[in-house]
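Chain letters run A, B, ... following the sequence lines, proteins first, then strands; residues in each count from 1.
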Protein chains: 2
Amino acid sequence: MTNQTMQDASISPAEKTQDSINNERLQNAIAALAAFGGRDDGGVARETLTQIDLDARRHLIATARALGCEVETDDCANLFFRRLGTTDLPPVLTGSHADTQPVGGKLDGAYGVLAGLEVIAALNDAGITTRRAIEVVAWTNEEGSRFGPGAMGSSAFVDPSRLPAYREVRDGDNITFGEAVDAALLASADVSRRPLALPIASCVELHIEQGPVLERAHAALGVVTGIQSVRWYKVECIGMAAHAGTTPMDERSDAMMAAVAIAQQLYVYAAKQAASNLRLTLGRWQVGPNSVNTIPGKVDFTIDVRCVDADVLERFEQFLAEITTSHQWRGNISFDCFFSRPPTHFPADMLSLIERACMRAGHQAKRGDPQKLTSGAFHDAMYLAEHCPTAMIFVPSKGGISHNAAEETAPEDLYLGVQALAYTLVELANR
Amino acid sequence: MTNQTMQDASISPAEKTQDSINNERLQNAIAALAAFGGRDDGGVARETLTQIDLDARRHLIATARALGCEVETDDCANLFFRRLGTTDLPPVLTGSHADTQPVGGKLDGAYGVLAGLEVIAALNDAGITTRRAIEVVAWTNEEGSRFGPGAMGSSAFVDPSRLPAYREVRDGDNITFGEAVDAALLASADVSRRPLALPIASCVELHIEQGPVLERAHAALGVVTGIQSVRWYKVECIGMAAHAGTTPMDERSDAMMAAVAIAQQLYVYAAKQAASNLRLTLGRWQVGPNSVNTIPGKVDFTIDVRCVDADVLERFEQFLAEITTSHQWRGNISFDCFFSRPPTHFPADMLSLIERACMRAGHQAKRGDPQKLTSGAFHDAMYLAEHCPTAMIFVPSKGGISHNAAEETAPEDLYLGVQALAYTLVELANR
């Protein structure tokens with residue numbers, strides 16, 4: 001707490017809650033949750049609905065109850081920790097997910113859940129009541145590594161018709177998601193069940209950036225304006241496998257020659273589109289027969305292309321269609337879009353509120369203004385935005401590293417992120 | 001036999017042998033050997049020194065003995081079928097290999113062995129004796145698919161110091177080549193053993209082209225002037241794996257972007273070198289982590305580059321060094337030459353003899369002149385050329401296809417190939 005705020009007689013509940021965030025308690029909470037699946041290298045292995053995850057859920061339930069929260073769950077085993085408001089109006093929601101990649105860090109997801117619980121603890125310390133209830137959620141299976149796709153919990157919450165298909169998805173041990181959810185619900189039989197898709201007033205998710213933008217900008221806090229649109233394509237180049245030594249160049253139908261020519265044109269196109277912030281990744285390649293002395297007869301590669309401007313992606317797809325057509329003389333070349341997601345734009349009034357919250361936290365800590373940025377990764381908030389006014393706050397990731405044991409954020413930045421969240425939630429809960 | 005040759009009173013032994021080749025017996029012999037490992041699709045699965053190969057060897061030994069040949073073997077289990085000459089001068093050698101790829105055709109290798117036996121049968125029919133002995137060889141493990149490298153039998157024959165290292169090579173079932181050779185020698189304990197590297201007067205190998213050059217030229221026979229020089233490189237591009245969504249383009253070290261840029265420049269270079277007949281294949285690619293939404297952190301690819309002119313390959317390597325250096329800003333890029341073989345040039349007097357033999361066979365059949373070409377594939381003859389004057393004759397491969405069940409050559413072309421071989425061998429054996 002600075003002298004300036006101490007002297008301010010007209011301090012608001014939002015400001016008071018922000019100032020009541022306890023950094024030591026926050027860091028301890030992060031360390032305590034990281035012990036569930038903790039690895040010697042500092043990473044965390046806590047895939048969704050494993051026994052380790054179920055143990056972590058029991059830990060979160062106990063923590064929330066100790067803070068006076070009501071705990072509820074739903075048919076997708078999402079966990080809700082509710083601090084009552086003075087009215088029965090729809091609550092303000094925060095939180096994230098507690099599951100990790102097979103080897104993840106201690107912050108991806110967990111930070112957002114624990115930040116919500118810290119805000120509730122700070123509200124308790126400050127003796128503040130809000131008009132609306134504040135709920136902290138731990139969404140089931142955001143990572144999608146054990147059961148695909150990711151964000152099953154949040155997407156089934158906003159559209160329960162997705163759940164039956166999710167329940168049939170099997171993991172590597174042939175266990176269905178439905179079986180895993182039922183086991184989780186059995187392990188929390190003391191937690192009351194509630195429907196999916198309940199009304200929510202607004203939602204704020206606090207998350208690590210998982211990229212290098214904030215670190216590069218020396219910004220402690222990020223106001224996330226939206227989530228990039230993404231399209232995934234598979235380009236298939238079919239030529240004719242033949243002997244590398246005996247086949248003259250002008251007799252070849254070399255699938256790799258076609259694939260490289262197309263890939264090079266895509267990279268050049270992306271470089272020309274730098275101003276529109278197009279992101280292009282040719283990540284997965286399959287080459288057949290993949291032998292030193294055989295001309296490749298078949299090459300598949302994937303395209304992951306992202307931009308916050310859907311028109312840029314539309315033009316990209318037109319370009320892709322043109323160049324695959326122009327290379328038909330090299331072989332049988334085709335492409336297929338196997339995943340597509342439009343951009344998410346967070347509402348302007350949510351962004352201005354979050355910016356104000358970040359300004360106050362950042363300026364108090366002499367860390368300056370927040371940075372506006374888009375999210376290149378998906379988050380549960382992407383689905384919540386279909387359901388209610390939603391926004392996100394980011395804190396920096398050291399070196400931009402995530403999905404890795406080396407995932408790290410400076411404790412000071414984690415603290416400022418929770419301060420910004422606290423301010424935002426209380427303002428929203430008093431609307 | 002044509003009327004023209006019938007009327008020619010001064011017909012030479014070489015011509016008489018050529019005219020005595022029996023096409024029906026040749027085709028039957030090919031079908032009989034193809035039954036050892038024959039597949040429903042017309043292909044042959046007879047990897048070296050398997051039980052199927054040992055059975056095929058017994059069949060060849062029995063066939064050769066029925067023709068009156070002496071049969072011998074050596075420490076590498078190469079099989080020699082000897083038709084005696086009138087002198088003890090070093091013999092003239094022909095033949096090829098009887099082993100196949102895991103799924104190969106009925107001609108690659110087998111044709112050359114059976115052609116040699118057909119020449120011996122024709123000599124018997126014509127009652128011709130030659131000054132030097134004529135030997136037909138079936139080299140062990142030309143294909144190199146079960147035990148690498150290929151051409152172990154012929155290369156150990158010309159340089160026995162290679163054999164101890166070969167004997168230690170293990171197949172997928174952990175059996176050493178040495179163990180497999182010993183088992184083969186035990187299975188032919190009735191065959192007398194002889195030293196490796198015995199003197200040979202000259203060697204001619206008849207083989208299918210395994211490429212499309214003769215078919216394209218409508219030529220029934222090919223005079224092989226030499227075997228292309230080859231170099232194999234591995235290019236390694238190391239960048240930094242990162243999230244496809246969260247990492248801005250200007251923060252990336254994308255190993256695939258570097259690999260594609262280099263590959264494209266190599267293809268452009270090869271196109272400019274078309275006149276020098278450079279052959280370039282980027283056949284094997286390994287991408288890490290090879291995930292749709294992760295920027296590739298490591299890409300390796302192989303280069304197979306061939307040319308009959310070694311200077312062209314030397315300049316290629318200089319260009320490769322220049323471009324890998326010029327792309328260092330993209331990541332840590334290196335290359336390594338892991339195999340190199342200089343060109344083989346067959347002697348001019350062998351080529352003119354073979355050309356004469358092919359002309360006579362081709363003109364009698366109204367198929368015109370033979371085509372001169374180089375071999376892009378390796379053959380046992382490549383090693384024999386280190387030991388004695390050596391050359392090769394090619395017949396066309398339909399569609400250029402080989403190492404495939406669909407491998408095929410017109411029976412008429414197979415017949416003409418053996419006719420050309422017969423003429424050549426008798427001329428050489430009477431020198």
Atom group of [X] that falls short of 4.5 Å from chain B, counting heavy atoms:
X        : answer
A/Trp232 : side chain
A/Gln264 : both
A/Gln228 : side chain
A/Ile401 : neither
A/Ala241 : neither
A/Ala242 : neither
A/Asn404 : neither
A/Asp254 : side chain
A/Val230 : neither
A/Arg279 : both

Which region of [X], side chain (C-beta onward) or backbone (N, CA, C, O), has a non-hydrogen atom less than 4.5 Å from a non-hydrogen atom of chain A, or is it both or neither?
X        : answer
B/Glu251 : side chain
B/Thr302 : side chain
B/Ala255 : neither
B/Ser291 : backbone

Taking every non-hydrogen atom, the tightest pair across [X] and [Y]:
X        : Y        : answer
A/Thr294 : B/Thr281 : O-CG2, 3.6 Å
A/Leu282 : B/Pro296 : O-CG, 3.5 Å
A/Met256 : B/Tyr267 : CG-OH, 3.3 Å
B/Trp285 : A/Asn290 : N-OD1, 2.8 Å

- Message: Tell me which of these, A/Arg216, A/His403, A/Lys234, has more heavy-atom pairs under 4.5 Å with chain B than the rest.
- Response: A/Arg216
Among the listed options [options], the residue most often paired with chain A at heavy-atom distances under 4.5 Å:
options                                : answer
B/Asn293, B/Val268, B/Ile295, B/Leu373 : B/Asn293
B/Val213, B/Asp250, B/Leu280           : B/Leu280
B/Arg306, B/Gln210, B/His243           : B/Arg306
B/Pro212, B/Gly400, B/Ala263           : B/Pro212
B/Asn277, B/Val299, B/Val292           : B/Val292
B/Val287, B/Val305, B/Thr247           : B/Thr247

